[in-house]
Every structure is written in C-alpha cells, then in structure tokens.
Amino acid sequence: MSEKPSAIIFGGLNTCSRALAALLVPLNGERLVSHLRIVDRFSVSPPTTYLGAEFPKILAQPDVEYRQANLTVPSAVASAFDPPPGKAPYSYVFDLTGEVNHDRSEVIVIKLTFTVARIIALEAVRRKVKAYVRLQQPVYETPDKGTHDEKEDVKPARPLDMWWHETLRMLASMEDLPLVVLRIGFVYGPYVEFGLYALVITVASIYGYMNKPMKTPWGPGKDGVNTVHIDDVSGGLWACAKWIASLGRQQANITAGEKIYFHNDKSKVKDIEGACSPDVQPVAPIFNLVDDSEMTMAKGGSMITEFFGTTFEFYSFFENAVAKFKLDDIVEDINEHHVGTWTEMLQMSNPPIVQTPLNAYMDQWALARRKLAYNNSKIKNVIGYKLNRPQFTHDELREVVDKWKAEGSWPALDGR
Ligand SMILES: *[C@@H]1O[C@H](CO)[C@@H](O)[C@H](O)[C@H]1NC(C)=O
C-alpha cells in the first residue's frame with residue numbers, strides 16, 4: 001500500500017549504526033527502507049574508525065549512502081537532511097550520537113553529546129519527520145535490588161554520563177519532536193568492539209590463554225550488568241520507529257510517557273543553550289531494552305571465562321577492601337597481569353595480527369563497579385517487541401569470536 005519510509009542515521013558508526021544499517025538494507029532479504037543515509041564524523045574510505053568486515057558491503061549497495069559531516073555545525077546537519085535528487089524526504093531519524101569515551105573533557109562531551117543531538121532534533125522538527133528514535137547507551141546506575149522499570153528515576157552512573165541524561169531532557173522538552181527513547185543495557189555481538197563486554201571478552205580470553213583465573217574486586221557479583229545483543233538493539237530501534245510513526249508524539253506520551261528528572265548541578269545547565277530548566281520534568285516515551293539473561297557480573301563472568309577454559313573469581317575480603325578505596329592505584333597492577341600477553345597472542349597468531357580494534361587495557365571506568373538491571377517488559381507489552389537473542393550464551397559468544405577471527409581481528413592460535 002504505502003511506500004517504504006526512508007531513513008537517516010546520525011552518529012554511532014563506532015557503536016551501533018553499522019548493525020542498524022544491516023537490518024534496514026540487508027545484503028540478502030527484503031529492505032525495510034527505500035533509501036538510507038548514514039551521517040557521522042568519521043571517514044569510511046579510508047576508514048578512520050573500525051568498520052567490521054560486513055559494513056563496507058552494506059554501504060556498496062544502491063540507495064545506501066554514507067556522508068562524513070561535522071555534526072556540531074547546524075548547516076552541515078541541515079544539508080544532510082536534503083534527500084538525493086528525485087527521492088522523498090527522510091521520514092525516520094535514528095539518533096545514535098553521543099560520546100561514549102570517558103577520556104574527553106566535559107566541554108567536549110557537552111558539544112559532542114548534548115549540542116549535536118539538539119542540532120539534529122531541531123532540524124528534524126523543521127523537516128516534520130515521522131519518527132525520531134534516540135538510542136540511550138547504558139549510562140545509568142540502578143538501585144541494588146530487583147529489576148527497574150521505566151518509571152523509576154535512575155541516575156547517571158559516571159560524571160560525564162550526566163550529559164547523556166541532559167540530552168534526553170532537552171529532546172523530551174521538544175514537544176513537536178516525534179521522539180521515542182530506547183534505553184539499552186550493555187551491548188555485545190558481532191563486530192561490536194566498544195563498551196564493557198568486548199573488553200571483558202578480550203580479557204577473559206587472555207586469562208584463558210594464561211590458564212589463570214580472571215579476578216574482579218566486586219564480589220559477590222550479584223549486581224546486574226544486563227546485556228543486549230546488537231541484533232536486538234537494531235530490532236528495537238526499528239520497532240520504536242514504526243511505533244511512534246503510527247502514533248505521533250502526543251499519543252505516544254499518553255501511552256508510554258515517563259517523566260525525566262533533573263540530576264545535574266543547576267549552575268552547570270544555566271548557560272547551556274537549549275538545556276531544560278531544572279524545575280521541569282519533561283515527558284517522553286521511554287523503553288528499556290535488555291535481554292532475558294538477567295545478566296550479573298558473577299553470571300556473565302563465569303559464562304565468558306568458562307568459554308575460554310578458565311574461571312572467574314573474586315579477590316579475597318582483604319584485597320577487596322583495599323581495592324574499593326584505591327581503585328585508581330590498582331588499575332596499573334591489574335593491567336600488568338594481562339596487557340602484555342594480549343600483544344603476545346596477537347604476534348603468535350597464524351597469521352600474526354597487525355591491527356585489531358580490540359584492546360585489553362581496562363581503565364578505571366571499565367574496572368568500576370556497574371549496576372544496571374532493567375525490566376524489559378514494557379517494550380514487549382506496549383510495542384510487542386520479541387527478542388531475537390533472549391539469552392547470552394556460549395553460542396552467541398562463539399559467533400562473536402568467530403567473526404573477529406574470520407576478519408583477522410582476533411588471534412588464531414593452534415588448538416584454541
Ligand atoms: C567541527 O566544527 C566545529 C565548529 O565549527 C569546530 O570547532 C571543530 O573543530 C570541527 N571539527 C572537526 C573535526 O573538523
């Protein structure tokens with residue numbers, strides 16, 4: 001009946017937009033969109049970020065386009081919305097922008113996270129798009145017990161995560177924006193080299209190679225570190241887009257709106273253009289997305305280390321107490337045990353690996369205690385979303401490692 005929508009993805013080339021593109025315009029199978037444009041700050045030829053083996057093939061297809069642009073420049077964003085000659089305007093916008101690295105200054109993070117999203121959203125309102133889906137990375141910390149639904153006021157986990165939260169408040173305050181927010185757990189999957197689990201998988205393989213237990217200071221490990229497969233991130237983004245496009249923002253707010261509370265210092269938002277007033281709790285439809293594994297550190301750590309033939313253990317009580325007070329001091333000690341071995345594994349590989357996006361260094365943020373346990377029933381009940389990969393198991397892990405091996409990012413060692 002009606003034409004397929006056309007879609008534009010902003011940002012996320014180094015996180016989730018390559019996988020989303022593969023869902024929207026697959027190499028085999030039916031396309032979900034008529035035209036796809038991906039816009040980010042990186043170059044793809046030559047690549048200035050990891051792309052994975054599949055993405056260049058996705059890009060080489062007709063009606064798929066990559067555009068390198070400086071998203072902090074409003075005119076560059078505006079022209080990114082202009083459709084190619086003879087094509088319909090973009091109707092679905094996927095906002096996968098935001099800085100995920102924690103080695104940036106606050107000023108830079110505000111620009112790359114808050115300001116970029118604002119520029120895109122303002123233009124999306126002007127263009128009257130049908131859907132604006134915001135991907136919210138696992139920047140929150142949930143309370144100790146149980147799983148937590150979208151009504152609960154979860155707090156940004158680390159200092160710079162505050163700007164991811166301010167971004168949501170700012171977007172939510174634009175009432176004409178057909179916004180829906182997908183709030184995900186920790187992503188893993190083929191060609192996902194960013195974030196906590198890629199690092200844990202890499203480091204676990206090193207301890208397996210050394211035949212030593214992998215240890216963490218955070219016993220007993222019952223805290224949630226919930227996971228989501230990259231295929232479900234893509235599937236969830238698409239499901240959210242279709243849902244809001246059929247409802248519109250007003251109805252979506254009635255059906256699934258949640259208040260978004262202020263958590264920042266008032267002085268910090270005072271001079272930020274477009275920041276939502278501290279006294280306001282804007283409402284936007286929000287959906288959690290995690291798998292059904294109810295992954296915890298103990299469970300995930302055991303499953304992953306077992307895959308590599310070793311065990312997951314906790315430092316003893318005494319060591320534990322020391323670790324809690326001096327995490328910064330032990331970062332180097334912890335890395336000393338395994339980082340050199342990763343280099344050795346890459347050199348021992350047949351053939352040797354000269355370039356890999358996977359690194360084994362765990363900084364203080366990777367080693368910090370994480371607590372993220374989301375309830376995932378709202379997206380199932382309200383949107384009818386069905387998880388593609390409800391459980392994170394050895395089968396999923398094998399697929400991840402095999403794909404890295406096949407493209408030459410992961411060491412191929414005899415008998416392993
Ligand atoms: C993007 O544009 C801003 C504003 O003009 C500028 O400060 C920044 O250096 C640009 N970034 C790049 C990577 O060119």
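This structure is a prediction, so every number in the text was calculated from the model and none was measured. Read the numbers this way: they start at 1 and go in the same order the structure lists the ligands and their atoms.
- When only non-hydrogen protein atoms are considered, atom 7 (O) of ligand 1 lies nearest to Lys111 NZ, 3.7 Å.
- The contact set between ligand 1 and Thr72, taken as ligand atoms under 4.0 Å from a residue heavy atom, comprises 1 (C), 2 (O), 3 (C), 4 (C).
- With sequence neighbours excluded, no residue satisfies ring pair (Phe, Tyr, Trp, His ring centres under 6.0 Å) with Trp164.
- Ion pairing between Glu166 and Arg169 holds under the 4.0 Å rule for side-chain N and carboxylate O.
- Side-chain contact check for His337 and Tyr207: no donor-acceptor pair (N or O, by modelled atom type) lies under 3.5 Å.
- Heavy-atom proximity to atom 8 (C) of ligand 1, evaluated over Leu112, Thr115, Val73, Asn70, is greatest for Asn70.
- Put simply, atom 13 (C) of ligand 1 has no protein non-hydrogen atoms near it, under 4.0 Å away.
- A side-chain N or O of Asn101 and one of Glu99 form a donor-acceptor pair less than 3.5 Å apart.
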